[in-house]
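All figures in this text were calculated on a predicted structure; none of them were measured in a lab. Note: hydrogens, waters and symmetry copies are ignored here, and every other heavy atom, side chains too, is used. First the proteins, then the strands, lettered A, B, ... as listed; each starts at 1.
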Amino acid sequence: MKVRVRFAPSPTGFLHIGGARTALFNWLFAKHAGGTFILRIEDTDAARNTEAAVNVIVEGLRWLGVDWDEGPSTSRSDGPSVGEAGPYFQSQRSEIYRSRVEELKSKGFAYDRDGAVRFRMPRDPITVHDLVVGDVRRELTDREAQDPDFVIVRSDGQPVFHLVNVIDDLEMGITHVIRGEDHLSNTPKHIALFEALGATPPAYAHIPLILNQDGSKMGKRDQGASLITYMEGGFLPEAVANYICLLGWSPKDNREIFSLPEIAAKFELTQILRHNARFDFTKLRWLNWEFIRSMDQQRFVKLGAEIMQKAGFDLTKSPENYISAALLTCKEKVQQLVELPALAGFFFTEDLDLAPAIQSNDLTSGVKERLMSLKSNLETIDSFAADHIQSVLKRLASESGSKMSVFVHPLRVACTGAASGPSLYHLVEILGKSRVLRRLDRAIAACP
RNA sequence: GACCCUAUCGUCUAGCGGUUAGGACACCGCCCUUUCACGGCGGGUGCACGGGUUCGAGUCCCGUUAGGGUCGCCA
C-alpha cells in the first residue's frame, strides 16, 4: 500500500516550530517511502480561521521547503487545490461529516444528548501500537471512568476535532498518522472511531515535543515558538529544517549538517527518539552560520541587500558590484543575516559618528599623528587594492618601529566607526580612495 | 485527582549486557593573526536516585523522584 501522510494544522495565524517539525517529519517520511504528503486545513472553528491565518501556514511551509503533493493551492478555503481526495479544507466537508455521523448513529455508536451527539466509547482499554513509543495500553482516567463517551458534534451542529480528524484521515486514505505526542492520550478515541466506522486505523507515530531551553513546555508566547521568528530573523530555511530534524532524530553518524534530501534518504520513524528535546537557539545559530558561509554568493547578496534595505540603508545609490563586494566581506562573519546592518552598515552611509571610537582608550595617544600619516600616504598610491594598502601600513609600521596594529586600528575606526568588522584591507579597497580619505579627515577632526 | 510518555555532559545526541561512555553546540586554555572571527592543538563537564536480574548493567525489570502530555460542546 502506498504511503499517504498528512499535516493537518488549524489556522490560528501562527505556525509553531513544533508544528513545522511535525510537518517536516511527515514530509520526510513520505519522501523516504515514495509516498504522498497531504496538507489539510482543519478550519472547523470558523470564528478564528481566516484566509490570512491559512496563509501563515502555507507561506511557512513553503519557506521551510515542505511542499505538498495534495492540498490547497492557495489560502482560500474555496480556492483551487491539487489531489483527488479534496476538499482539503474541513470547512468545505460538512456533508461528509454529516453522513458519517448518521452512519454512527444508525449503527448505534452515537446518540444525542442535550442537543449534542456523543460517541459511545468502548469500556475496555485500547492499546495503541505506536511506531515511536511502542505499545501503549491506556486505562480510563477517573473522570472518563464516570462517563467514557465524548461529544463528536456540538449542540450548535459543529463537529469536533476528534471526529473530523478521523473521518478525514479515513476518507483521504491516510496510512500513517505522524503527530505530536500531545495526541497520544487521545489516540484510543480515534482508534475506536475508526473501528466504529468499519475501518482499520492507520499506523501511528507520536513524536516528542519541543521544549524551551529551561525544559518548560514551549507555548505560543515563548521566544522562538513561531516560525516567523526564523523567517524574519535572518535564518536560512535549510538551516532551520536541518536543526529541527536533529531534535528527536539522529543520523547516528556524528554528522550535523545535512540537506533535506539527504535526511529523507536516511529517515525512519522507528529511530525517532521518545523523549522531548529542548530548543537550543545557540546551536541553531551555529548551524545557520555554517549554511551561510557555504551558500551561494548571489543568494547571499540578494538576501543581505533586502535586510540592509529593511534596516533603513539606501542601497539604490550604490552600484551592484559595490553592494555585492561590501556584503560579501561579511559572509563568513554573521550567524544570522540580520546581523548584517550592524556589521556592514558603514559601507552605505556617511552618517557615521566616529568620535566615540576614536576617543576611546583602545586607541592610545598619537592617534591623530598616525591618522594624518595614513592619510598622506594613502593619498599618494594609485591603485587602491588591498595588497597595496597593506604594504603601505607595513611600511608605516616599520618606519616608525611599531607594530602594524597601531596603524590598523585607527584606520579601521576611521573607516567604520567600529573596533571590529570585516577584513580591513578589503574593506578599505571596497570603500575606495575618496571615501576613505574623507573619513580619515573626519576622524582626524574628531581626535581629542 | 486519574491516566499516559520520558530520563546519557549545561544543550542536542551515539550507545541497543563487557566501551578509556563517542560526536556536535556552548565553555576554558594555547597557537596563528590587521580587529572580530576562521583555522589548529589541548581541556573540563554526563549515565537522576534506590532496589533487583546477571559472572558482568548506561544498556533488562520494579520502585522513587523529576519533566512533559492527556482527561472540553478547543484543536
Side-chain angles (χ1 to χ4, degrees), chain A residues 8-12 42-45 47-49 90 113-118 125 128 130 132-134 136-146 148 150-162 164-165 180-189 206 208-211 213-218 243-244 246-257 273-287 289-290 293 330 332-335 343 362 386 389-390 393-394 397 403-409 411-413 416 418-428:
Chain A
S10 177
T12 57
E42 305 219 335
D43 58 342
T44 49
D45 187 354
R48 69 184 188 199
N49 296 319
Q90 289 187 333
R113 187 204 284 176
D114 301 329
V117 183
R118 298 167 61 86
V128 181
D130 193 277
V132 172
V133 187
V136 179
R137 176 188 155 101
R138 229 209 73 165
E139 306 283 344
L140 296 179
T141 66
D142 54 2
R143 193 189 195 96
E144 289 167 333
Q146 292 174 9
F150 59 94
V151 170
I152 52 176
V153 181
R154 297 192 295 224
S155 52
D156 66 359
Q158 283 297 312
V160 305
F161 164 75
H162 298 301
V164 295
N165 186 267
E181 199 220 65
D182 48 342
H183 283 109
L184 182 57
S185 293
N186 287 327
T187 306
K189 289 180 181 172
H206 287 91
L209 271 21
I210 296 178
L211 269 26
Q213 184 69 59
D214 67 0
S216 61
K217 75 162 178 173
M218 191 184 263
Y243 179 70
I244 58 184
L246 256 22
L247 258 24
W249 177 84
S250 167
K252 297 177 191 285
D253 61 1
N254 285 344
R255 284 175 61 202
E256 306 283 332
I257 297 171
L273 275 322
R274 285 168 288 282
H275 60 269
N276 298 342
R278 302 181 187 206
F279 196 94
D280 185 351
F281 206 75
T282 303
K283 184 160 182 180
L284 202 214
R285 278 168 49 78
W286 167 76
L287 209 44
W289 169 77
E290 288 282 357
R293 66 204 296 243
C330 300
E332 301 194 354
K333 291 181 169 293
V334 294
Q335 291 194 302
L343 207 56
D362 288 350
I389 294 157
Q390 180 170 13
L393 286 254
K394 208 171 265 178
K403 297 199 302 184
M404 292 277 279
S405 59
V406 301
F407 287 95
V408 163
H409 291 293
L411 181 56
R412 170 181 296 283
V413 167
T416 71
S420 67
S423 167
L424 178 68
Y425 307 123
H426 293 98
L427 136 204
V428 169

N/O to N/O distances under 3.5 Å, protein versus nucleotides 2-5 of chain B:
{"from": "A2(B)", "atom 1": "O4'", "to": "D142(A)", "atom 2": "OD2", "distance (Å)": "3.1"}
{"from": "A2(B)", "atom 1": "O2'", "to": "D142(A)", "atom 2": "N", "distance (Å)": "3.1"}
{"from": "C3(B)", "atom 1": "O2'", "to": "E139(A)", "atom 2": "O", "distance (Å)": "3.2"}
{"from": "C5(B)", "atom 1": "O2'", "to": "E181(A)", "atom 2": "OE2", "distance (Å)": "2.9"}

message: Is the phosphate of C73(B) approached by R113(A) (side-chain N or O, under 4.0 Å from OP1 or OP2)?
response: no

query: Quick one: is R154(A) getting a side-chain N or O under 4.0 Å of the A75(B) phosphate, OP1 or OP2?
result: yes

Check side-chain contact (heavy atoms from CB on, under 4.5 Å) between [X] and all other residues, then give those that pass, not counting sequence neighbours.
{"X": "D253(A)", "result": "P251(A), R255(A), F258(A), K266(A)"}
{"X": "V408(A)", "result": "L393(A), M404(A), L424(A), Y425(A)"}
{"X": "E139(A)", "result": "P125(A), R137(A)"}

Restricting to nitrogen or oxygen on both sides, can you table the protein-nucleotides 10-13 of chain B pairs closer than 3.5 Å?
{"from": "C12(B)", "atom 1": "OP1", "to": "R278(A)", "atom 2": "N", "distance (Å)": "3.0"}
{"from": "C12(B)", "atom 1": "O2'", "to": "L246(A)", "atom 2": "O", "distance (Å)": "2.9"}
{"from": "U13(B)", "atom 1": "OP1", "to": "G248(A)", "atom 2": "N", "distance (Å)": "2.4"}
{"from": "U13(B)", "atom 1": "OP2", "to": "H275(A)", "atom 2": "NE2", "distance (Å)": "3.2"}
{"from": "U13(B)", "atom 1": "O2'", "to": "S250(A)", "atom 2": "OG", "distance (Å)": "3.4"}

query: Which residues pass the salt bridge (Lys or Arg N to Asp or Glu O under 4.0 Å) test with R293(A), sequence neighbours left out?
result: E290(A)

task: Determine yes or no for a side-chain-to-main-chain donor-acceptor pair under 3.5 angstrom, with Y243(A) supplying the side chain and R285(A) the backbone.
output: no

Considering residues at least two apart in sequence or located in another chain, which fulfil the side-chain hydrogen bond (donor to acceptor under 3.5 Å, both in side chains) criterion with [X]?
{"X": "D130(A)", "value": "H206(A)"}
{"X": "H183(A)", "value": "none"}
{"X": "R412(A)", "value": "none"}
{"X": "Q90(A)", "value": "E42(A), D168(A)"}

Restricting both atoms to N or O, compile the protein contacts to nucleotides 43-48 of chain B shorter than 3.5 Å, with distance only.
none

- prompt: What string of B, S and - do you get for nucleotides 33-38 of chain B, 5' to 3', when a contact is any protein heavy atom under 4.0 Å?
  reply: -BBB-S

